[in-house]
Amino acid sequence: MTSPASMLLTSDLLQVIDLSATEITQLFGIASRLKTDYRPFAGSLAQRSLVMLFEKPSLRTRVSFELGFQKLGGGVVFLDHQSSPIGGRETVEDYAHNLSRWADVIAIRCRSHELLARFAAASSVPVINALSDLHHPCQALADIFTLVESGIRPEELHLAWVGDGNNVCLSLIEAVATLGGRMTVITPTACRPAADALRIADARAFRSGARIVCTDDLAAVAGADAIYTDVWVSMGEESRAAEKTAMLTPYRVDAALMRRAGAKTRFMHCLPAKRGEEVAAEVIDSPASIVFDQAENRMHIQNALMLALLRSDLAPQDRPAPSVAAHP
Ligand code: CP
Ligand code: NVA
């Protein structure tokens, strides 16, 4: 999209670093207010339309966007692209130009982040990344919001990622790098996030004071506020299943690893999970697990984002003061 008309500097959300720390903190404030009571926001997106294009399966993202937008009074159209890739029937640009004439906001789950960027460049309405091969920004924003609402200040957070350095991992790195906490990324060396993506996050971290450390040493979970893992084989990577499973089996999150982290360490997962693979059932089904809080918060943070993108008249003074410190 080209002409910003929202409280955010960015017109699209393709990755977390499209947002500043202040903007993320403002989104947390709106999400918190929505979660407490949707009634003041009923009808705030009346006559607005969300179109969703999904090339991959989804439960949480689809339902939380659809029901969330409906709660704010808007209408939703879902287009299933699992068997017909975006850009297959007509160019990505023609598709974006068409949808921009009807929709107010577009959410896309796609195989290629490059395609998402092309679509957003051609769209004249905001485009939200609902998961690409490289990023899952809505997930990471919901996750940090979940930790913040549990009482952890973002700049004091220590998040330990264990497993594959995938799209969710990279979005969390960008979120922590922006907000100023600490993230320890524990993966086999071959599963680390790409070096160029880490360099971009490092530039953010330099400004915020965040510390992002990559290691293959599981002992680095010690003292973490939360251990986060995700499937070893992401959607679209099925041909690498055997290779990745072999590399990642030592990185399964089990009760022993949780004990090494600490008695208060929470367990996080974006879901869907594979019990017995990346996480033991005894961990994901334990009281330390906050996975369903994360899932619930997807809806609140996405609604906050869509309000921020579409309702520039909901100015910062109309919103509650953020309860967490922000870096500029
Ligand atoms: N966490 C997440 O994005 O779940 P879905 O793939 O079910 O949308
Ligand atoms: N890394 C996973 C996340 C699913 C929500 C995937 O891309 O399949």
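Indexing begins at 1, ligand by ligand and atom by atom, following the structure's order. Because only heavy atoms are used, hydrogens play no part in the values below, and waters and symmetry mates are left out as well, while side chains stay in.
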Quick one: look up the protein heavy atom nearest [atom] and list residue, atom name and how far away it is.
atom: atom 4 (O) of ligand 1; value: Arg60 NE, 2.9 Å
atom: atom 6 (O) of ligand 1; value: Arg109 NH1, 2.8 Å
atom: atom 7 (O) of ligand 1; value: Leu59 N, 2.7 Å
atom: atom 3 (C) of ligand 2; value: Asp230 OD2, 3.5 Å
atom: atom 7 (O) of ligand 2; value: Asn167 ND2, 2.9 Å

Short N/O distance, under 3.5 Å, between [X] and ligand 2?
X: Arg109; value: no
X: Met235; value: yes
X: Ser234; value: yes

(message) With rounding to the nearest 0.5 angstrom, report the CD to CD distance, Glu243 to Glu237.
(response)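 It comes to 9.0 Å.
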(request) Any atoms of ligand 1 less than 4.0 Å from a non-hydrogen atom of His136? List them with their elements. (result)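 Ligand 1 atoms under the 4.0 Å threshold to His136: 2 (C), 3 (O).
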(message) Are the side chains of Leu307 and Ser44 in contact, using a 4.5 Å heavy-atom criterion?
(response)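 Sidechains of Leu307 and Ser44: in contact.
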(request) Kindly indicate whether the side chain of Val233, heavy atoms from C-beta on, has any atom under 4.5 Å from the side chain of Arg240. (result)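 Result no, sub-4.5 Å side-chain heavy-atom pair not found.
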(request) Determine whether the side chain, the backbone, both or neither of Leu131 has a heavy atom under 4.0 Å from any heavy atom of ligand 2. (result)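 It is the side chain that gets close, since no backbone atom is under 4.0 Å.
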(request) Taking atom CD of Glu114 as the centre, report whether more than 12 heavy atoms of other residues, nucleotides or ligands fall under 6.0 Å from it. (result)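 No, because the 6.0 Å sphere around CD of Glu114 holds 12 heavy atoms or fewer from other groups.
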(message) I'd like to know whether CD of Gln47 has more than 12 heavy-atom contacts from other residues, nucleotides or ligands below 6.0 angstrom.
(response)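 Count not over threshold, so no.
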(request) Compute the ring centroids of His300 and Tyr38, then answer whether they are less than 6.0 Å apart. (result)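 Ring centres of Tyr38 and His300 closer than 6.0 Å.
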(message) In this structure, does ligand 2 have an atom that sits under 4.0 Å from one of the heavy atoms of Asp164?
(response)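 Asp164: no contact with ligand 2 (<4.0 Å).
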Check: [X] N/O within less than 3.5 Å of ligand 1 N/O:
X: Met235; value: no
X: Leu271; value: yes
X: Ser58; value: yes

(message) Check this for me, if you would: do Lys274 and Glu278 make a salt bridge, where the nitrogen-to-carboxylate-oxygen distance has to be below 4.0 angstrom?
(response)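 No, Lys274 and Glu278 are not salt-bridged.
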(message) Hydrogens and angles aside, do Lys35 and Asn297 bring a side-chain donor and acceptor to less than 3.5 Å of each other?
(response)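 Per modelled atom types, Lys35 and Asn297 side chains form a pair under 3.5 Å.
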(request) Verify the distance criterion only: is there a donor paired with an acceptor across the side chains of Thr61 and Arg298 at less than 3.5 Å? (result)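 Looking only at side-chain atoms, Arg298 and Thr61 do form a donor-acceptor pair, the distance falling under 3.5 Å.
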